[in-house]
Amino acid sequence: MDINRKTLPRSISASARPGEANATMFRSSEFERSPSEQPLTVVVIDEDAAAQARIRETFVSDRYEWLFLDPEPENLTRIDWTLVSAVLFAPSAQTGCEILDKLQELAPQVFLVLLISHEGVPDNLPSSNREPFDYLRKPIDPNRLRACIQRIAQLTATQRSLMAEAHARHRAEAQNHLLADAVSQMGDCVIVTDCYLDHPGPRIVYVNDAVCQTTGYSREELVGQSPRILQGEKTDRELMTQLRDDLTAGRSFRCQLANYRKDGSTYDAELFITPVVDEETRCTHFVSVHRDITERKETLKALSEGEEQLRAILNTAIDAIITIDYRGTIVAANPATHRMFGYRADELIGQNVKLLMPEPYHSEHDSNLERYLQTGQAKIIGVGREVVGKRKDGSTFPLSLAISKIDRPPLFTGILRDISALKELQTQVLEIAAEEDRRIGQELHDSVQQELTGLGLLAQTVSEMMSDDMPWAAACEPRIAKIRKMIDRVAKGIAETGRKVHQLSRGLVPVEIDAEGLRSALTELAATVEERYNIACRFISRGDIDLTNNFAATHLFRIVQEAVNNAIKHGGANQINISMIGREKSILLEVLDNGSGISAKQPSGAGLGLRIMAYRAGLIGASVQVSNGESGGTLVRSIISRGNIDHAEQ
């Protein structure tokens, strides 16, 4: 053949396979057209080669698409009939009726043109319920064929146009219904007015349910009225003038104003109004959306007032209040912070909070914060504790610190109180107590002990006067011997009492410890405990434990002394180990005994010694922890930073 022959595409039918009926598609052109100009697809069912040739010539010249199909009923099921516009069918006596019925079943919308071999409609055509669109007599006249197909094309185009218009109308109606439902069910108030701004102003043509619920008016009471029905004495007239000017200029307008309900009550409204224009950019309506923000404004006002109160509290607080983020960066600090540490606001905000810490806390802070963020295990969050702060000039001072955490966003707020005055008061209390002990000890040593010594000497003198040299001694020997024994017992009792008074006076009079003598003082304490109480007590030391601060050394000694006394009196220990270990940045002091340990329920009056140890540790910037030992007994541990030793109050 001399025409372009192509395989039947899947859009019309499944691809032909070997052995199947011949189904071949012919296209006269490949250019694209609009939907109304799309070429017809015509199925030709005729085995007459001459008729096929005439049809082919006509379709090629008129640029139609066609498909030759063998007259077998099963071939009809392989066609996508939604893409076919017409069928040219030459019926036969054998299969004509069956094919016509099949066409009626599969493609009732397709135009049917019967190809006949005689003038008029032959009487022997197969009977069928399918009414043909037209008849074409063979041999086929190209002009009649062309005229028939053109009529079909016009009808098809009209059908397609009507279907497209109906589909568009249906889609537009669906969109309009959806838009109307959406606007009607909006929580915000929607009002549509006409576009006439001259007095008495635009008229309302539509309101949604939210308008009626908010204002108390019914839809019938609002439609036809001016939006001024919602205005009143408190409505800002300048805003209304600006609104009119912007709408006249074709601009949208947004503002907040006071609106009135039907009952005369007012509410705060957030208003947005915009012009609606047609295809020629002429304004046809105004659409306004407004929301009742009365509750929101009251909430914002309450928040603002609360914020102002909080800011006033922060600004007048005597305690430093610092807020940091999860990286330790200072994001806020009140004026007390600047006064306490000596920094200006611009010198603190954005800096890491470890700027306010001496060593070793300065170096350890970032790792401690990172560990908390990873594990969630807090050591000081939610628990008050005493720490040491560092001023801008490098000086340190004691602080009471309480930290709280905010989850969103992750922030930490610390409240710091300068407890220098409290520590000074505690020092004075301890010094007064020590001075009183010194006075009592000195009184025992200088007065009581001397009197006891004198009484002892007097007893000895009386004993000597009862010697055998007396003239009456022989006659009174039994009585004299008895008196002599009593005098010896008195002398021994006075001597023993004098020794105990001496020991008591030594315990009451503070031992003056110089910075380099702490090691020897603790060694002597261990030896005294062994001698006095007949228990095993030893002292070991490692590293650099020499102190340059007599004040710190004295209180460390007193902490150890108190721990040892508690182990003996309350723990019933018979073995005590005292250790002092010098580290690079701190000194570790431990007292471990094998006594009964720490009881969960302390007896009445117990714990005073523990509090005294904590007070002494706080005075020198040290920490003290009391816990049960790993193998039983009690462990008292105190750690003091070398930086704190240098700045401990002398």
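All values below were derived from every heavy atom in this structure, side-chain atoms included, with hydrogens, water molecules and symmetry-related copies excluded. Along the sequence shown, residues are numbered consecutively beginning with 1.
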### Heavy-atom side-chain proximity of K392 to H338 below 4.5 angstrom
no
### Query
Got a donor-acceptor contact below 3.5 angstrom from the T241 side chain to the R237 backbone?
yes
### Summary
Between W66 and R56, the two heavy atoms sitting closest are CZ2-CG, 3.7 Å
## Note on the structure
Taking every heavy atom of G414 against every heavy atom of L416, the minimum-distance pair comes out as O-CD1, 3.8 Å
#### Entry: Close side-chain approach of S288 to L271, heavy-atom, < 4.5 Å
yes
Pair up each side-chain donor or acceptor in residues 253-264 with any protein partner under 3.5 Å, not counting sequence neighbours, and list the distances.
unit_1, atom_1, unit_2, atom_2, d
N259, ND2, Y267, OH, 3.4
Y260, OH, E233, N, 3.2
Y260, OH, K234, N, 2.8
R261, NE, T214, O, 3.3
R261, NH1, S265, OG, 3.0
R261, NH1, T266, O, 3.1
R261, NH2, D292, OD2, 3.4
K262, NZ, E221, OE1, 3.3
K262, NZ, E221, OE2, 2.8
D263, OD1, S265, N, 3.0
D263, OD1, S265, OG, 2.7

### Query
Is R151 salt-bridged to D134, going by a charged N under 4.0 Å from an acidic O?
yes
### Task
Hey, could you give me the CZ/CG distance between R327 and N352, rounded to the nearest 0.5 Å?
10.0 Å
### Non-hydrogen side-chain atoms of V331 and I324 separated by less than 4.5 Å
no
### D325 backbone acceptor or donor facing T329 side chain under 3.5 Å
no
### Query
Do V110 and W81 have side chains that get closer than 4.5 Å, going by heavy atoms?
yes
### Message
Using side-chain heavy atoms (C-beta onward) and a distance below 4.5 Å, is L145 in contact with R54?
### Response
no
#### Entry: D198/R244 ion pair, N-O < 4.0 Å
yes
### Message
Any salt bridge linking D209 with R219? Criterion: basic side-chain nitrogen under 4.0 Å from a carboxylate oxygen.
### Response
yes
### Message
Do V207 and Y217 make a side-chain contact, defined as non-hydrogen atoms from C-beta onward lying under 4.5 Å apart?
### Response
no
### Task
Run the salt-bridge test on R169 and E173 with the 4.0 Å N-O cut-off and return the result as yes or no.
no
### Query
Any chance the side chains of D245 and T248 put a donor and an acceptor closer than 3.5 Å?
no
### Query
How about L88 and I140: do any of their side-chain heavy atoms sit closer than 4.5 Å?
no
### Query
Hey, are E98 and K102 close enough for a salt bridge, meaning a charged N less than 4.0 Å from a carboxylate O?
no
### Task
Please state whether the rings of F133 and F111 are parallel, tilted or perpendicular, taking 30° and 60° as the class boundaries.
perpendicular
### Task
Count the heavy atoms of every other residue, nucleotide or ligand shown that sit under 6.0 Å from CZ of F272, and state whether that count exceeds 12.
yes
### Query
Is there side-chain contact between H290 and D188, with at least one heavy-atom pair below 4.5 Å?
no
### Task
In plain terms, say whether R344 and E347 are close enough for a salt bridge, that is, a side-chain N and a carboxylate O under 4.0 Å apart.
yes
### Query
What heavy-atom pair brings R146 and T58 nearest, and what distance separates the two atoms?
NH2-CG2, 3.9 Å
### Message
I need the minimum non-hydrogen distance between I55 and L115, along with the two atoms involved.
### Response
CD1-CD1, 4.3 Å
### Task
Compare every heavy atom of P335 with every heavy atom of N315, then report the nearest pair and how far apart it is.
OD1-CD, 3.4 Å
### Message
Between R203 and D194, does any NZ, NE, NH1 or NH2 come within less than 4.0 Å of an OD or OE carboxylate oxygen?
### Response
no
### Task
Write down the atom of P275, the atom of C283, and the distance for their closest heavy-atom approach.
CB-SG, 4.0 Å
### L348 CG to Q351 CD distance, which is reported to the nearest 0.5 Å
7.5 Å
